[in-house]
Protein chains: 2
Amino acid sequence: MDKLTIKTLAKELQLSVSTISKALRDSHEISAATKRKVLALAEQLNYSPNPYASSLRKRKSKTIGVVIPEVVNSFFSQAINGIESVAKEKGYHVLIYLTHENLDNEKAILKDFESGRVDGVLLSASRETINSTHISGLIKKDVPVIFFDRVFDDVETVKVITNDFESAYTATKHLITSGCKNPHFLSIISNLNIISNRIDGYKKALQEHHIKFSNSNIINCTTNWEHNYKLLLKKMQSSKKPDGILCSIENLSVLIYQVCEDLNIKIPDDLQIVSFSNLDTASFLNPPLTTVTQPAYEIGSVAAATLVKALEKKNFIIPNENIVIPSVLIKRKSTKNKILS
Amino acid sequence: MDKLTIKTLAKELQLSVSTISKALRDSHEISAATKRKVLALAEQLNYSPNPYASSLRKRKSKTIGVVIPEVVNSFFSQAINGIESVAKEKGYHVLIYLTHENLDNEKAILKDFESGRVDGVLLSASRETINSTHISGLIKKDVPVIFFDRVFDDVETVKVITNDFESAYTATKHLITSGCKNPHFLSIISNLNIISNRIDGYKKALQEHHIKFSNSNIINCTTNWEHNYKLLLKKMQSSKKPDGILCSIENLSVLIYQVCEDLNIKIPDDLQIVSFSNLDTASFLNPPLTTVTQPAYEIGSVAAATLVKALEKKNFIIPNENIVIPSVLIKRKSTKNKILS
DNA sequence: ATGAAAGCGCTAACAA
DNA sequence: TTGTTAGCGCTTTCAT
């Protein structure tokens with residue numbers, strides 16, 4: 001049995017390959033009758049065109065590359081959901097790559113993309129990433145890169161983000177008005193401006209309430225659970241221990257609960273908690289976790305839609321703009337929600 | 001500026017394209033000196049070979065397709081993690097597709113794979129899937145399909161699964177020995193044998209403890225949250241209401257907590273719960289959730305490793321076997337853990 | 001050890 | 001409306 005290609009159809013129907021090709025792609029040059037015949041035979045033989053031959057010829061892969069730090073994370077998995085929904089609708093395929101928060105991985109992935117494997121890239125940077133130099137190669141090769149969530153200001157492209165500064169500000173203010181005198185900021189070591197923006201929002205709230213900020217207010221975690229656990233444990237046993245925490249990373253909120261359980265610290269009486277988090281289970285934690293819930297699905301779908309738009313329009317220049325989709329503070333029982341008089 | 005291809009290198013170095021090609025792929029036919037020159041120039045010019053040209057010629061895409069029902073789910077995202085780790089190690093790329101539990105989506109995706117877009121497939125079937133007829137096309141085109149978690153027995157291939165029957169049996173027994181007289185099974189409507197196996201395990205435990213089984217013991221959910229909520233609400237208000245639930249689907253455990261909260265049902269006093277779940281937050285729910293925790297990462301990585309092995313060996317026939325990686329029952333406070341005397 | 005040439009399956013000028 | 005032809009960029013015999 002021969003390989004089933006466009007040639008097979010051509011021979012069978014006594015038509016040229018180009019006619020078949022055009023018919024399959026519903027070209028206006030081809031008569032309705034011919035199209036029908038071609039489609040019928042294709043259907044009958046169960047023909048499907050080789051996408052790589054097509055990609056090679058058209059220099060378009062109809063594929064987008066998604067690069068994220070991790071996937072076991074409500075935010076990122078919801079973002080993937082959003083990305084997939086528009087990819088599917090627009091006929092794009094989604095290649096997924098995880099950096100595991102490692103810059104070298106990120107570099108290698110983006111380097112690979114210079115081969116033309118993907119038409120465009122959706123990137124959320126690793127926590128180790130400090131600048132955008134490793135992106136310039138891609139930009140130079142005209143592969144559009146759109147950032148989401150963890151972005152870099154110095155790259156001229158669309159960045160789809162949430163209002164990190166305001167969210168952190170609002171969340172911190174919520175802690176303070178709920179009685180916290182010494183709110184801390186729990187985060188990861190990173191130069192990501194998503195982190196610095198949140199810190200700035202946090203600081204602004206402190207300032208407004210005349211609470212002195214010191215660097216020790218910021219608890220910097222790594223990717224090592226044991227290390228983080230000991231770090232926080234120590235912090236919660238220190239003399240100047242926090243009475244409130246704004247947690248900047250979803251996965252770290254579990255850490256806080258663990259430490260509180262082990263030290264018998266009562267939430268929210270001894271410690272109030274707000275976390276950036278998209279956990280479905282936030283309402284059912286003990287106690288229910290007050291969250292800054294990010295519009296993860298929308299961030300993903302808007303980023304993907306913007307990318308596809310850039311890909312489809314020829315000569316479309318990606319504007320250098322921030323698309324900001326706000327987060328929402330959902331108050332639950334891990335904070336006291338009392339109003340200072 | 002010309003396009004940067006293998007030809008560019010050839011011209012620059014006064015060598016033939018075939019020499020360049022071989023040198024880049026470290027062929028033994030090429031002298032060390034030449035290899036060095038080629039590699040150096042490639043590096044200098046920042047050349048990267050077009051993967052689609054290569055795929056077309058070699059009839060290999062170095063790409064695997066992963067088809068899963070959803071991604072916002074600890075089990076599946078952990079499985080992706082496992083898949084990605086071996087893909088990366090073996091130099092494979094991962095295309096992700098979501099069926100959203102819809103059979104037509106699943107069919108369309110698998111149909112597309114007949115084009116040769118992927119070298120092999122990792123599939124976890126949608127809940128609507130009732131048989132494997134839609135897979136036969138792929139098999140016929142020699143695209144290996146390996147199942148994980150949600151599998152079909154009638155396909156002759158490797159299936160990487162957990163011990164659903166035993167796990168459900170053990171979990172149900174745990175409910176009963178903890179005092180449940182009327183444990184129910186919460187699940188989705190589906191012909192998936194993952195579900196029937198769990199039901200069988202559940203039934204066996206009932207039987208062993210002389211608890212009569214009736215069909216009303218099985219609560220069948222859909223993908224509609226509202227519907228499920230009302231269903232469970234009603235159930236929990238009925239005269240023969242359950243005093244224990246084995247929840248077969250991670251995402252439904254939140255539903256139970258919600259209903260209990262709204263009806264003021266105390267867990268575990270009024271209702272004990274065990275859920276198949278890989279939630280990181282299980283320990284911190286109120287109360288902590290007793291789980292059947294599945295080896296999701298391992299299931300993903302073993303499935304991927306098996307697929308890659310099949311892809312790399314020529315004439316390798318995929319055996320028709322089940323690879324079973326056991327789950328573990330983690331007892332927490334949503335069950336009473338008392339021992340019947 | 002290197003090169004010439006054919007061709008993977010498709011698309012797009014251009015011709016007819 | 002249909003056909004001819006020349007590639008897309010790479011790999012692979014088969015010569016040399």
Side-chain angles (χ1 to χ4, degrees), chain A residues 1-39 41-42 45-63 112 114-119 141-142 314, chain B residues 1-39 41-42 45-63 112 114-119 141-142 314:
Chain A
M1 192 181 95
D2 267 0
K3 231 122 264 148
L4 179 53
T5 74
I6 224 172
K7 260 186 180 163
T8 322
L9 303 191
K11 206 168 290 173
E12 189 80 19
L13 290 176
Q14 306 273 47
L15 286 168
S16 76
V17 289
S18 64
T19 302
I20 306 289
S21 172
K22 288 169 188 161
L24 286 171
R25 304 161 72 254
D26 202 26
S27 160
H28 58 244
E29 300 180 39
I30 304 297
S31 75
T34 307
K35 280 184 192 169
R36 237 179 293 115
K37 274 196 295 185
V38 172
L39 260 5
L41 184 63
L45 298 182
N46 196 21
Y47 165 80
S48 46
N50 182 315
Y52 297 129
S54 171
S55 291
L56 177 58
R57 182 62 234 241
K58 295 206 285 190
R59 303 157 161 289
K60 285 256 163 290
S61 64
K62 277 280 189 175
T63 301
D112 174 73
E114 293 183 20
S115 67
R117 187 183 301 281
V118 298
D119 294 342
K141 301 220 176 183
D142 278 323
K314 56 171 49 173
Chain B
M1 192 181 95
D2 267 0
K3 233 123 262 150
L4 179 54
T5 75
I6 221 171
K7 260 187 181 164
T8 322
L9 304 190
K11 205 168 290 171
E12 188 79 19
L13 292 175
Q14 307 273 46
L15 287 168
S16 75
V17 290
S18 63
T19 303
I20 305 289
S21 173
K22 287 168 188 162
L24 287 171
R25 302 162 74 257
D26 202 28
S27 161
H28 55 87
E29 301 181 47
I30 303 298
S31 74
T34 307
K35 279 184 191 167
R36 239 179 291 114
K37 274 196 295 184
V38 171
L39 260 4
L41 185 64
L45 298 182
N46 196 21
Y47 166 80
S48 46
N50 182 315
Y52 297 129
S54 169
S55 291
L56 177 58
R57 183 61 234 244
K58 297 207 285 191
R59 303 158 162 288
K60 286 255 161 292
S61 64
K62 278 280 190 176
T63 301
D112 174 74
E114 294 184 19
S115 66
R117 187 182 301 281
V118 297
D119 294 343
K141 300 220 175 183
D142 278 323
K314 56 171 50 172

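Letters go in sequence order (proteins before strands), and every chain restarts at 1. Please read these numbers as outputs of a predicted model, since none were measured by experiment.
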**OP:** Tell me, yes or no, whether the heavy-atom count around B:Lys141 atom NZ, taken from other residues, nucleotides or ligands under 6.0 Å, exceeds 12.
**Re:**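 Yes - once you tally the heavy atoms of other residues, nucleotides and ligands closer than 6.0 Å, there are more than 12.
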Sort me out a list of protein N/O and nucleotides 13-16 of chain C N/O pairs below 3.5 Å, or just none if empty.
none

Expressed in angstrom and rounded to an integer, what is the separation of [X] atom [atom1] from [N] atom [atom2]?
X	N	atom1	atom2	result
B:Arg57	D:dT11	CZ	C1'	5 Å
B:Ile20	D:dT12	CD1	P	16 Å
A:Lys11	C:dC10	NZ	P	13 Å
B:Asn50	D:dG7	CG	C1'	14 Å
A:Lys7	C:dT11	NZ	P	14 Å
B:Tyr52	D:dG9	OH	C1'	14 Å
B:Ile6	D:dG7	CD1	P	18 Å
B:Leu24	D:dG9	CG	P	15 Å

Rounded to the nearest 0.5 Å, what separation is found between the [atom1] atom of [X] and the [atom2] atom of [Y]?
X	Y	atom1	atom2	answer
A:Arg117	B:Lys62	CZ	NZ	10.0 Å
B:Ser21	B:Leu9	OG	CG	10.5 Å
B:Leu39	B:Thr34	CG	OG1	11.0 Å
A:Ile30	A:Lys37	CD1	NZ	11.0 Å

If you compare every side-chain N and O of [X] against the phosphate oxygens of [N] (OP1, OP2), does one of them come in below 4.0 Å?
X	N	result
B:Arg59	D:dT11	no
B:Ser31	C:dA1	no
A:Arg25	C:dA12	yes
B:Thr5	D:dG9	no
B:Tyr47	D:dC10	yes

Subject >> Given DNA chain C, 5'-ward residue of the pair B:Ala53 and B:His28, judged by closest heavy atom >> reply: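 Residue closer to the 5' terminus by nearest nucleotide: B:His28.
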Subject >> Of A:Lys58 and B:Val17, the one whose closest DNA chain C nucleotide lies more 5' >> reply: B:Val17
**OP:** Assign B:Thr34 to base, sugar-phosphate, or nothing according to its heavy-atom contacts below 4.0 angstrom with the strands shown.
**Re:**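 Answer is sugar-phosphate: B:Thr34 comes under 4.0 Å of backbone atoms only.
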Original post:
Using a cut-off of 4.0 Å on non-hydrogen atoms, how would the nucleic acid contact of B:Ser21 be classed: base, sugar-phosphate, or nothing?
Top reply: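 Here B:Ser21 touches the bases of the nucleic acid.
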**OP:** Give the nucleotide from the list C:dA4, C:dT11, D:dG3 with an atom nearest to the side chain of A:Ser16.
**Re:** D:dG3
Original post:
Which nucleotide in the list D:dG9, C:dT2, D:dT2 gets nearest to the side chain of A:Leu56?
Top reply: D:dG9
Search all heavy atoms of [X] against all heavy atoms of [Y] and return the closest pair with its distance.
X	Y	result
B:Pro49	A:Ser115	O-CB, 3.4 Å
B:Tyr47	B:Ile6	CE1-N, 3.8 Å
A:Asp119	A:Ser61	OD1-N, 2.7 Å

**OP:** Find the runs of at least 3 consecutive base pairs, i with j, i+1 with j-1 and so on, that include DNA chain D, using Watson-Crick or G-U wobble geometry with both distances under 3.5 Å.
**Re:**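 Stem list for DNA chain D: C:1-16 with D:1-16.
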Subject >> pair B:Asn50-B:Thr5: side-chain heavy atoms closer than 4.5 Å >> reply: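 B:Asn50 does not reach B:Thr5 side chain to side chain.
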Subject >> Side-chain heavy atoms of B:Thr63 within contact of A:Tyr52, under 4.5 Å >> reply: yes
